[in-house]
Amino acid sequence: MPEITPARVRRCPDCDDFPSVAITTGQTNPDGTRKTLTVTCRTCQGTGTVPRHAAVTATSSGR
């Protein structure tokens, strides 16, 4: 049975691994094609992944 190794990076929760999208503005260019805007995710800066958080090792007693 193969061992499962956890991923070192995880998918961005905001873009779900679709970091760059093209949005249609509704206008057309002189040649008839649609004008589009390319937008990238602010959270991952267009990479589609975010670094894993370090495991919490210290605990607070809170008393």
Side-chain angles (χ1 to χ4, degrees):
M1 181 189 276
E3 286 188 32
I4 297 173
T5 305
R8 295 184 192 269
V9 294
R10 63 183 182 101
R11 286 186 178 172
C12 176
D14 291 339
C15 67
D16 198 29
D17 206 22
F18 290 95
S20 184
V21 295
I23 300 171
T24 304
T25 63
Q27 299 172 337
T28 57
N29 292 319
D31 63 353
T33 58
R34 296 265 183 192
K35 290 186 180 181
T36 58
L37 301 172
T38 303
V39 182
T40 58
C41 177
R42 292 184 196 176
T43 304
C44 65
Q45 285 85 30
T47 62
T49 58
V50 291
R52 293 182 58 90
H53 297 287
V56 177
T57 55
T59 59
S60 64
S61 61
R63 294 182 193 209

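Hydrogens, waters and symmetry mates are skipped; everything else that's a heavy atom, side chains included, is used.
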Practice task
Determine which pairs satisfy side chain to side chain donor-acceptor pair (under 3.5 Å) with at least one residue from residues 34-48, sequence neighbours left out, and list them in order.
Solution key: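 Listed by first then second residue: Asp14-Thr43.
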
Exercise for the section: Would you check if Cys44 and Cys15 make a side-chain contact, meaning some heavy-atom pair closer than 4.5 Å? Expected result: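 With C-beta onward as the side chain, the pair touches.
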
Practice task
Kindly say whether Thr33 contributes a backbone atom to a donor-acceptor pair with the side chain of Asp31 at under 3.5 angstrom?
Solution key: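 Such a contact is found between Asp31 side chain and Thr33 backbone.
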
Completion exercise
Residue set satisfying side-chain hydrogen bond (donor to acceptor under 3.5 Å, both in side chains) with Asp16, at least two apart, ordered chain then number -> none

